[in-house]
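Presented below is the structure to which this report refers.
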Number of protein chains: 2
Amino acid sequence: MSLFLSTSINKVDKKGRVSVPSTFRAALGDDVHHGIVIFRSLQVDALDACSLKHLDILSQSLEKLSLTPEMYELIETTIFGGSVQCAIDADGRIIIPEHFMEAVGIDDEAAFVGRRRTFQIWNPKKFKAFETKARDAVRSHNISLSKIIADASALNGGE
Amino acid sequence: MSLFLSTSINKVDKKGRVSVPSTFRAALGDDVHHGIVIFRSLQVDALDACSLKHLDILSQSLEKLSLTPEMYELIETTIFGGSVQCAIDADGRIIIPEHFMEAVGIDDEAAFVGRRRTFQIWNPKKFKAFETKARDAVRSHNISLSKIIADASALNGGE
DNA sequence: TGATAACCCATAAAATTCCATGCTATACCA
DNA sequence: TGGTATAGCATGGAATTTTATGGGTTATCA
């Protein structure tokens with residue numbers, strides 16, 4: 001079971017190269033050879049990324065939603081039209097296209113944030129601010145993790 | 001199934017290594033090979049930990065809760081972005097990332113506290129204080145374990 | 001031909017593996 | 001029963017490997 005977990009901050013060198021965290025590369029498995037797909041997040045000021053295979057799964061599940069043709073068109077253009085496939089070199093690095101870097105304000109450092117099947121790439125400072133806010137919001141909604149876990153256990157017959 | 005029970009305090013060496021109590025490793029069963037997942041508790045000043053499999057169950061149950069997309073987004077970031085997968089080495093040890101140690105104030109000793117399907121990792125002194133306070137709170141509410149057990153039995157038709 | 005991307009190599013830091021030691025609880029035996 | 005071997009565990013340190021990151025060199029393609 002390989003998921004993208006945890007957050008790590010890596011440097012972007014003069015040539016625009018960044019190391020993809022080794023744990024993420026491991027999670028990709030054989031898919032590393034096909035590189036990763038990057039597109040702008042629709043929700044937050046960051047980039048979304050996943051394996052090529054996962055993008056395929058995403059598009060399939062999109063088809064199952066009953067979206068209006070206009071909405072579908074919109075998503076197609078935004079996500080698939082705006083996505084780029086990035087090769088991962090022998091040293092585990094990618095080059096994020098210039099316009100993406102600018103769009104989300106990444107310069108000399110990039111934060112890789114795991115989100116299970118996908119991950120995000122942030123400007124570390126922006127992410128930190130977002131994380132702090134997110135943490136407070138989750139806490140203030142009194143969503144207790146242990147409660148969720150208890151529910152999870154119940155769903156699985158208490159096993 | 002095997003649960004995480006009881007508390008034990010182990011030393012953190014110079015390299016940041018700590019032994020996971022053998023009883024906890026036993027409770028993990030085959031899941032030891034995937035290591036454990038650690039994240040900051042949303043409630044207390046400690047770390048939460050569970051098996052990778054349990055995190056998967058957790059994420060499934062998250063999907064089933066009727067959360068707003070925004071809240072879902074926040075939780076995903078907080079939990080999955082804020083968690084790390086820690087490998088358990090051949091000697092039964094893990095390395096807790098530096099920033100986690102700092103965040104909850106663990107230095108040379110760590111208390112492993114069983115919480116059935118998950119466990120927590122505390123600074124031993126902080127845990128002791130917390131435990132004392134919790135105990136007092138429970139007592140002041142006049143809650144007794146035997147009463148809880150009696151109530152539970154009644155719910156199950158005296159079985 | 002000039003910029004960009006792909007490839008190759010070097011290095012320091014960090015993580016992982018391997019081995020040694022002392023301690024404790026348990027099993028075994030006279 | 002008392003003493004001794006044994007196995008498992010926590011812990012320390014050394015050796016080895018992996019990773020991130022920098023730099024140079026060669027293809028590639030407008």
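A, B, ... follow the sequence lines: proteins, then strands. Residue 1 opens every chain. If you're wondering where the values come from, they're calculated on a predicted model, not measured in any experiment.
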Just how far, in rounded Å, is P of dG22(C) from CG of N10(B)?
20 Å

How would you label the contact of S19(B) with the nucleic acid (heavy atoms, under 4.0 Å): base, sugar-phosphate, or nothing?
base

D91(A) and R93(A): salt bridge (Lys or Arg N to Asp or Glu O under 4.0 Å), yes or no, with the steps?
CA-CA 6 Å; D91(A) 300 326; R93(A) 290 185 278 201; 3.4 Å; yes

Report the distance from atom CD of E98(B) to atom C1' of dA13(C), rounded to the nearest whole Å.
14 Å

Check: W122(B) ring centroid to F130(B) ring centroid under 6.0 Å:
yes

Rounded interatomic separation in angstrom, taking CE from M101(B) and C1' from dA14(C):
15 Å

Considering only side-chain heavy atoms of R93(A), which listed nucleotide, dG13(D), dG23(D), dT19(D), is closest?
dG23(D)

Nearest heavy-atom contact between F39(B) and S83(B) is CB-CB, 3.8 Å

Name the nucleic acid region contacted by D89(A), choosing base, sugar-phosphate or nothing; use a 4.0 angstrom heavy-atom cut-off, strictly under.
nothing

Between C1' of dA14(C) and CD1 of I96(B), the distance in whole Å:
17 Å

Rounded to whole Å, CG of D91(B) lies from C1' of dG22(C) at a distance of 15 Å

State whether the side chain of E73(B) and the backbone N or O of Q43(A) hold a donor-acceptor pair below 3.5 Å, judged by distance alone.
no

For a quick check of understanding: with a heavy-atom distance under 4.0 Å over all strands, which category does V12(B) fall into, base, sugar-phosphate or nothing?
nothing

To the nearest angstrom, how far is D108(B) atom CG from dT11(D) atom C1'?
14 Å

Whole-Å distance between dA14(C) P and H99(B) NE2?
15 Å

Both I95(A) and A90(A) contact DNA chain C. Which one's nearest nucleotide lies toward the 5' end?
I95(A)

What is the separation between atom CD1 on I94(A) and atom C1' on dC7(C), rounded to the nearest whole Å?
17 Å

Give K15(B) one of three labels, base, sugar-phosphate or nothing, depending on what nucleic acid heavy atoms sit under 4.0 Å from its own.
base

Can you identify which nucleotide, out of dG22(D), dT19(D), dG12(D), has its nearest atom closest to the K11(B) side chain?
dG12(D)

So which nucleotide from dG24(D), dA20(D), dC9(D) ends up closest to the side chain of R17(A)?
dG24(D)

Of all heavy-atom pairs linking F4(B) and L28(B), the shortest is CZ-CD2, 3.7 Å

